[in-house]
Undergrad: 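My structure is below; once you've seen it, I'll send some questions.
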Number of protein chains: 2
Amino acid sequence: MDVRTKILEEATRLFAAHGVDGTALQEIADAVGVKKPSLLYHFPSKEALHASVLEDLLSRWNEIVPRLLHAVAREDRFDAVLDACIAFFTADPDRARLLLREAIDRPGEMRALLSTHVTPWLGVMAESIKKAQADGSMRKTVDAEAYILQIIHMVIGTFTVGATVQVLLGHSGSNGRPKRGSIDPRLTAELKRVARIALKQE
Amino acid sequence: MDVRTKILEEATRLFAAHGVDGTALQEIADAVGVKKPSLLYHFPSKEALHASVLEDLLSRWNEIVPRLLHAVAREDRFDAVLDACIAFFTADPDRARLLLREAIDRPGEMRALLSTHVTPWLGVMAESIKKAQADGSMRKTVDAEAYILQIIHMVIGTFTVGATVQVLLGHSGSNGRPKRGSIDPRLTAELKRVARIALKQE
DNA sequence: CCTACCGATCGGTAGG
DNA sequence: CCTACCGATCGGTAGG
């Protein structure tokens with residue numbers, strides 16, 4: 001693996017864990033196994049590295065968007081879309097942490113990111129819900145756009161603080177505790193149940 | 001207002017906005033209108049100030065917990081509990097941001113805070129749901145503890161990134177845009193609708 | 001509650 | 001990709 005890729009990987013991990021401000025270039029350099037000035041040979045500044053990390057994340061997100069838009073046109077669309085989102089963050093929970101930190105640390109930049117990468121498919125999905133409301137297959141009380149945002153809150157919440165809050169789940173079952181850092185399947189199962197039942201008529 | 005209180009107020013605001021690591025004692029001192037060493041006269045260290053800010057937040061939370069536990073015993077309990085939580089964070093959205101940052105920046109400390117301040121009433125509420133499931137007034141498919149955690153994800157999400165993501169809500173109505181920094185009522189209304197319908201039978 | 005100051009660490013640069 | 005180094009800022013202290 002080339003050094004540039006290794007730098008992006010370690011920077012992603014550390015930015016997600018401690019935030020951009022909370023991560024020193026020295027820490028990233030140590031994790032990669034190079035000296036600090038070498039980072040600034042590959043990326044002109046910390047801000048440029050930060051931007052590259054976000055670009056990397058968003059390009060991976062854009063890989064699955066076509067699949068999402070395809071799923072919207074099918075019958076079981078919303079289960080499929082939700083499954084795809086959950087799979088995206090399961091593959092690397094750092095993605096959720098990174099997006100959440102960006103939203104609270106730099107709301108202005110995040111608004112720009114959302115307008116570019118979220119508005120399109122959110123609009124398509126909201127229209128799809130409204131059509132289904134018109135022909136009676138989905139609850140008429142659903143506020144389509146607000147509903148989608150609240151589902152996103154659950155998804156992001158599950159993958160950012162899920163590993164922390166799940167100590168509150170009683171593990172009464174005898175089949176061992178979940179692996180450290182992983183998400184309890186009860187959280188994702190309940191998320192899907194809530195999302196489905198709040199949307200579909202009967 | 002005495003200086004100590006002013007320091008706690010400004011520290012709360014800045015910690016919520018930029019994180020503890022992202023806030024210099026100098027910034028807090030400037031906001032209060034004193035010199036930096038004066039902060040360290042009132043609080044022995046930045047860490048001690050951070051701890052005091054969290055204590056302040058949790059003591060305000062504990063003020064409403066009795067009201068919450070009382071509401072659980074009533075008929076309209078869950079609407080009332082949710083309204084109380086929404087009111088708590090509406091009074092100061094910094095509370096949500098502070099809690100969320102603590103959860104992602106210091107998961108270990110957050111787990112301790114949750115065990116002390118959340119486990120008790122979460123247990124009471126979960127038992128209340130299970131009893132209602134037994135007598136058929138609530139859906140048997142609800143995973144009580146996981147359900148409560150997902151509702152918390154929506155509440156915290158609404159108050160931390162709601163002001164940012166709500167640019168995605170179409171403001172088709174003619175009654176002006178919402179005030180800057182405030183939460184669009186569509187988000188809280190949909191949150192309450194989703195929470196209610198996912199829980200109650202029929 | 002202040003002035004004056006400390007060592008450590010920050011992001012970044014010069015030069016090879 | 002390295003050594004050597006920069007000014008700025010960090011949390012915190014001495015002394016009044």
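A, B, ... follow the sequence lines: proteins, then strands. Residue 1 opens every chain. In what follows, every heavy atom counts, from backbone to side chain, and hydrogens, waters and symmetry copies are set aside. No experiment lies behind these values; they were computed from the predicted model shown.
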Undergrad: Please tell me whether B:His50 and B:Glu55 have a donor and an acceptor in their side chains that are separated by less than 3.5 angstrom.
TA: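 Side chains of B:His50 and B:Glu55: no pair found under 3.5 Å.
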
Undergrad: Please report, rounded to the nearest Å, how far the C1' atom of C:dC1 is from the CG atom of B:Leu39.
TA: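 Going from B:Leu39 (CG) to C:dC1 (C1'), I get 11 Å.
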
Undergrad: Strictly by ring pair (Phe, Tyr, Trp, His ring centres under 6.0 Å), give each pair with a member in residues 181-200 of chain B just once, sequence neighbours left out.
TA: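 Passing the test, one end in residues 181-200 of chain B: no pairs.
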
Undergrad: Donor-acceptor pair, distance only, cut-off 3.5 Å: does the side chain of A:Glu27 make one with the backbone of A:Ala24?
TA: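 Checking the backbone N and O of A:Ala24 against the side chain of A:Glu27, a donor-acceptor pair under 3.5 Å is found.
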
Undergrad: Less than 6.0 angstrom from the centroid, inside 45 degrees of the normal: does A:Arg97 satisfy that with respect to the ring of A:Phe159?
TA: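 Not flagged: A:Arg97 not positioned over aromatic ring of A:Phe159.
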
Undergrad: Under the 3.5 angstrom rule, does the side chain of B:Thr188 hit a backbone N or O of B:Pro185 as a donor-acceptor pair?
TA: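 Checked: pair present.
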
Undergrad: For DNA chain C, what residues of residues 7-19 of chain A have any heavy atom nearer than 4.0 Å?
TA: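 Contacting residues: none.
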
Undergrad: Could you tell me how far apart B:Lys6 (NZ) and C:dC1 (P) are, to the nearest whole angstrom?
TA: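 Spelled out: NZ on B:Lys6 to P on C:dC1 is 11 Å.
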
Undergrad: Would you say the side chains of B:Asp2 and B:Thr5 form a donor-acceptor pair under 3.5 Å?
TA: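 Result is yes, a qualifying pair exists.
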
Undergrad: Between B:Asp79 and B:Arg196 (salt bridge meaning N to carboxylate O under 4.0 Å), is one present in this structure?
TA: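 Salt bridge between B:Asp79 and B:Arg196, a charged N being under 4.0 Å from a carboxylate O: yes.
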
Undergrad: For DNA chain C, what are the stems built from at least three Watson-Crick or G-U pairs in a row, each pair having both distances below 3.5 Å?
TA: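 So far as stems of 3 or more pairs are concerned, DNA chain C shows C:1-16 with D:1-16.
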
Undergrad: Which nucleotide, C:dC1, D:dT3, D:dC1, lies nearest any side-chain atom of B:Val34?
TA: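 Between C:dC1, D:dT3, D:dC1, the one nearest the side chain of B:Val34 would be C:dC1.
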
Undergrad: For A:Glu109, give me all partners under salt bridge (Lys or Arg N to Asp or Glu O under 4.0 Å), at least two apart in sequence or on another chain.
TA: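 Once residues adjacent in sequence are excluded, A:Glu109 has no partner under the salt bridge (Lys or Arg N to Asp or Glu O under 4.0 Å) criterion.
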
Undergrad: For nucleotides 10-16 of chain C, just jot down a letter per nucleotide in 5' to 3' order: B, S or -, based on protein non-hydrogen atoms under 4.0 Å.
TA: SBBB---

Undergrad: Any sub-3.5 Å donor-acceptor pair from B:Arg106's side-chain atoms to B:Arg111's backbone N or O?
TA: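 No: the side chain of B:Arg106 does not pair with the backbone of B:Arg111.
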
Undergrad: How long is the line joining CD1 of A:Ile28 and P of D:dC1, in whole Å?
TA: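 Whole-Å distance recorded here is 15 Å.
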
Undergrad: Are the side chain of B:Ser137 and the backbone of B:Gln133 linked by a donor-acceptor contact shorter than 3.5 Å?
TA: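 Flag not set: sc B:Ser137 to bb B:Gln133 has no pair under 3.5 Å.
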
Undergrad: Which of the following nucleotides, C:dC1, D:dC1, C:dC2, is nearest to the side chain of B:Val3?
TA: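 Side chain of B:Val3 sits closest to C:dC1.
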
Undergrad: Which side-chain N or O atoms in residues 28-42 of chain B pair as donor and acceptor under 3.5 Å with protein atoms at least two apart or in another chain?
TA:
from	atom 1	to	atom 2	distance (Å)
B:Asp30	OD1	B:Gln26	NE2	3.1
B:Ser38	OG	B:Lys35	O	3.4

